[in-house]
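Here's the structure we're looking at; comments come further down.
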Amino acid sequence: DSTSDVSQSSKEMSARSDRIKTEMKNLQSVSTTMKNTMDEVSTGVRKIQESGDLLSTISKKVGGAINTIASQIDRFKV
């Protein structure tokens with residue numbers, strides 16, 4: 001009978017709706033995890049870039065010091 005069909009269809013729709021809600025929660029959880037991971041990657045990249053910049057600065061200072069020492073050594077040629 002049609003009342004029973006409607007009732008059964010309603011139960012099926014409710015079950016599917018619950019499944020959709022569950023999958024939406026899963027999707028939200030995965031999205032949050034991905035965002036957090038991307039934030040961590042971004043922070044890591046920034047730290048690597050800062051370290052590279054610092055190494056470049058140190059290399060320039062060391063190069064300058066080597067040139068200074070070389071010019072001072074040249075004064076003492078025999």
Side-chain angles (χ1 to χ4, degrees):
D1 101 307
S2 63
T3 304
S4 147
D5 290 343
V6 169
S7 178
Q8 182 62 31
S9 293
S10 178
K11 288 178 185 176
E12 289 174 7
M13 283 178 40
S14 179
R16 290 178 183 156
S17 179
D18 288 343
R19 174 70 185 206
I20 289 170
K21 283 192 257 182
T22 299
E23 292 304 323
M24 290 300 292
K25 287 179 184 176
N26 290 340
L27 179 60
Q28 183 177 12
S29 175
V30 168
S31 295
T32 300
T33 299
M34 285 178 58
K35 181 194 175 299
N36 291 341
T37 301
M38 291 302 293
D39 289 346
E40 289 176 16
V41 168
S42 179
T43 298
V45 167
R46 188 175 61 250
K47 287 181 180 180
I48 290 169
Q49 183 175 359
E50 289 169 357
S51 296
D53 291 345
L54 181 60
L55 283 173
S56 176
T57 300
I58 291 170
S59 293
K60 288 176 185 175
K61 288 181 180 179
V62 167
I66 289 171
N67 288 337
T68 300
I69 291 170
S71 69
Q72 289 175 356
I73 289 174
D74 285 345
R75 291 181 190 168
F76 295 103
K77 285 190 178 180
V78 179

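With contacts defined as side-chain heavy-atom distances shorter than 4.5 Å, the pair Ser51/Ile48 does not qualify.
Taking Asp53 as the reference, Gln49 meet the side-chain contact (heavy atoms from CB on, under 4.5 Å) condition, with sequence neighbours excluded. Every salt bridge (Lys or Arg N to Asp or Glu O under 4.0 Å) that Asp18 has, sequence neighbours left out, goes to Lys21. Under the side-chain contact (heavy atoms from CB on, under 4.5 Å) criterion, Thr43 pairs with Arg46, Lys47, not counting sequence neighbours. Residues satisfying the side-chain hydrogen bond (donor to acceptor under 3.5 Å, both in side chains) criterion with Lys25, sequence neighbours excluded, are absent altogether. When the side-chain contact (heavy atoms from CB on, under 4.5 Å) test is applied to Glu40, no partner is found at least two apart in sequence or on another chain. For Asn67, there are no side-chain contact (heavy atoms from CB on, under 4.5 Å) partners two or more places apart in sequence or in a different chain. Partners of Arg19 by salt bridge (Lys or Arg N to Asp or Glu O under 4.0 Å), not counting sequence neighbours, listed by chain and number: Glu23.
Between the side chain of Ser59 and the backbone N or O of Leu55 there is at least one donor-acceptor pair closer than 3.5 Å. Side-chain N or O atoms of Thr68 include one that pairs as donor or acceptor with a backbone N or O of Gly64 at under 3.5 Å.
Other members of the hydrophobic cluster containing Val45, listed by chain and number, are Val41; membership follows side-chain contacts under 4.5 Å among ILVMFWY residues, whether direct or relayed. Within the hydrophobic cluster formed by Ile, Leu, Val, Met, Phe, Trp and Tyr side chains joined at under 4.5 Å, directly or through other members, Met34 is accompanied by Val30. Side-chain contacts under 4.5 Å among hydrophobic residues (ILVMFWY), followed directly or transitively, place Ile58 together with Leu54, Val62, Ile66.
The side chain to side chain contact (heavy atoms under 4.5 Å, CB included) test with Met24 is passed by exactly one of Ile20, Asn26, Thr22: Ile20.
The 12-atom threshold is exceeded at CD of Gln72, counting heavy atoms of other residues, nucleotides or ligands nearer than 6.0 Å.
Sorted by first and then second residue, the side-chain hydrogen bond (donor to acceptor under 3.5 Å, both in side chains) pairs with a member in residues 29-38 read Lys35-Asp39; sequence neighbours excluded. Sorted pairs that involve residues 54-64 and meet salt bridge (charged side-chain N to carboxylate O under 4.0 Å, His left out), not counting sequence neighbours, are lacking altogether.
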